[in-house]
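This report refers to the structure that appears directly beneath it.
Atoms within each ligand, like the ligands themselves, are counted from 1 in listed order.
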Amino acid sequence: MGSRREPAGASAAAPADVVKEILEEASRSGGFVSLSWFSSRYGLDARGAARLVDALKSGGLYVEYRPGEGGYYIPADDDLRLAGRLLAGVADVVFLESVESTMDVAWELARQGAPSWTVVVAEVQSRGRGRLGRRWVSEPGGLWFSVVLRTGRPAEDLRAFGVASGASVAESVRMLTGVDAWVKWPNDVMVGDAKVAGLLLETSCADGGCDAVLGCGINVNNPPPSVDRPATSLAVHAGARVPRPQLLRLVVARLKGLMAVFDESGPGPLAEYWASYTRMVGRRVRVSSAGEAFEGEVVGVGEDLSLLVRRGDGSVARVVEGDVELLP
Ligand code: BTN
């Protein structure tokens with residue numbers, strides 16, 4: 001057993017290194033973390049351990065109290081077949097070994113009347129798709145999923161939700177792995193200057209508002225894909241396999257929380273949430289938008305989630321669609 005120490009702030013949010021240690025212990029012990037381990041590792045009695053576990057739960061982690069066994073069950077397996085059980089009460093999960101694209105399956109389920117928070121997750125996709133008609137490489141070990149969202153909202157509201165979802169992925173990654181993920185406009189998740197995850201929001205709108213399917217691809221335990229831009233995987237930075245069912249639960253629970261904020265207050269708070277996870281301000285970028293390409297420096301993010309880019313002549317462009325490349 002390592003040296004004893006008190007996990008700082010355990011009663012509020014559990015720090016990532018503590019989460020990581022607990023998951024490592026869970027992984028060594030078939031998912032079981034005993035009260036005696038909490039005591040020897042952190043000097044916590046049963047009430048202190050319960051407070052720490054509450055912080056893990058409020059961060060989105062799946063934890064079961066097992067009083068008869070003297071501790072907690074905290075699944076740390078990287079087996080997507082566990083996803084249905086871990087997300088019970090958060091989402092209805094459809095797990096498939098192999099699909100062309102989870103987007104297509106989610107749209108088909110939506111057409112058949114599936115409710116919001118139906119999540120389709122697959123081990124492998126043979127025709128994964130990304131933004132701007134790009135292919136999305138989806139090999140085993142990654143986390144590839146789509147979420148049915150019956151928003152009833154007009155189309156212009158939904159962009160904020162798609163963008164803010166990237167921040168919820170970044171936050172979940174930080175909590176579970178300690179990896180310093182951040183969001184790049186509009187909705188890529190990065191580690192350093194390499195992309196680790198991408199989000200794709202597809203919508204179908206009628207008089208009553210829009211249905212949407214949010215697709216999320218995270219390179220987790222798969223090798224970084226060979227694509228034309230720098231890409232990475234979480235396991236490379238975390239130094240260990242990352243339990244995908246727990247990551248899926250964290251991301252979907254956050255998305256659900258965001259959706260509730262969105263329903264209550266509209267896109268404004270989501271814009272702030274997103275802005276707190278970006279690192280683009282001050283960076284030089286190449287923008288391709290509405291048939292135009294230019295270089296400039298990012299000076300901020302607008303309330304409408306446009307990216308504000310100062311051109312060489314001093315004018316500031318509001319970028320609302322397209323693609324942005326970080327320059328060295
Ligand atoms: C992007 O960055 O271009 C968005 C990538 C979105 C990929 C995910 S993987 C799960 C879902 N199914 C797909 O075919 N695409 C999305």
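- The N/O atoms of Trp136, backbone and side chain alike, include none that comes under 3.5 Å of an N/O atom in ligand 1.
- Of the protein's heavy atoms, Gln125 OE1, 2.8 Å lies nearest to atom 12 (N) of ligand 1.
- Against a heavy-atom cut-off of under 4.0 Å, Ser101 is close to the following atoms of ligand 1: 12 (N), 13 (C), 14 (O).
- Polar contact check, Arg127 against ligand 1: no nitrogen or oxygen pair lies under 3.5 Å apart.
- Residue-to-ligand polar distances keep Trp144 apart from ligand 1: every N/O pair is separated by 3.5 Å or more.
- From the protein, the heavy atom lying nearest to atom 3 (O) of ligand 1 is Arg131 N, 2.6 Å.
- For Glu139, the CD atom is loosely surrounded, since the number of other residues' heavy atoms within 6.0 Å does not exceed 12.
- The protein non-hydrogen atom at the shortest distance from atom 15 (N) of ligand 1 is Arg129 O, 2.7 Å.
- Among all heavy-atom pairs drawn from Thr151 and Asp211, the shortest one is N-OD1, 4.3 Å.
- Less than 6.0 angstrom separates the ring centroid of Tyr72 from the ring centroid of Tyr65.
- Looking from atom 2 (O) of ligand 1 to the surrounding protein, the closest heavy atom is Lys195 NZ, 2.6 Å.
- Summary of contacts: the protein heavy atom closest to atom 11 (C) of ligand 1 is Thr102 OG1, 3.3 Å.
- Considering only heavy atoms from C-beta on, Tyr42 comes within 4.5 Å of Glu21 through its side chain.
- For the 3.5 Å distance criterion, the side chains of Trp136 and Gln125 fail to qualify, holding no donor opposite an acceptor.
- Counting atoms of ligand 1 from 1 in the listed order, those under 4.0 Å from a heavy atom of Gly130 are 1 (C), 3 (O), 4 (C), 5 (C).
- In summary, the atoms of ligand 1 found under 4.0 Å from a heavy atom of Gly128, numbered by their order in the structure, are 14 (O).
- Of all the heavy atoms of Asn187, none lies under 4.0 Å from any atom of ligand 1, so neither backbone nor side chain is involved.
- Ring-plane geometry between Tyr277 and Tyr273 is classed as perpendicular, the angle between the planes exceeding 60 degrees on a 0 to 90 degree scale with a lower cut at 30.
- Nearest heavy atom pair, residue Phe145 against residue Thr102, reads C-OG1, 3.7 Å.
- Taking every non-hydrogen atom of Asp188 and a distance limit under 4.0 Å, the qualifying atoms of ligand 1 come out as 2 (O).
- A donor atom on one side chain and an acceptor atom on the other are found under 3.5 Å apart for Arg318 and Ser306.
- No heavy atom of Ser138 sits closer than 4.0 Å to any atom of ligand 1.
- Dense packing is recorded around CG of Asp313, with more than 12 heavy atoms of other residues, nucleotides or ligands lying under 6.0 Å away.
- By the 4.0 Å heavy-atom criterion, Arg134 is excluded from the residues contacting ligand 1.
- The atoms of ligand 1 that sit less than 4.0 Å from any heavy atom of Cys216 are 8 (C), 9 (S), 10 (C).
- Not a single heavy atom of Glu100 lies less than 4.0 angstrom from ligand 1.
- Contact record, Ala170 with Val183: CB-CG1, 4.3 Å, taken as the closest heavy-atom pair.
- For the pair Arg153 and Phe262, the distance from NZ or CZ to the six-membered ring centre is under 6.0 Å and the angle to the ring normal is within 45 degrees.
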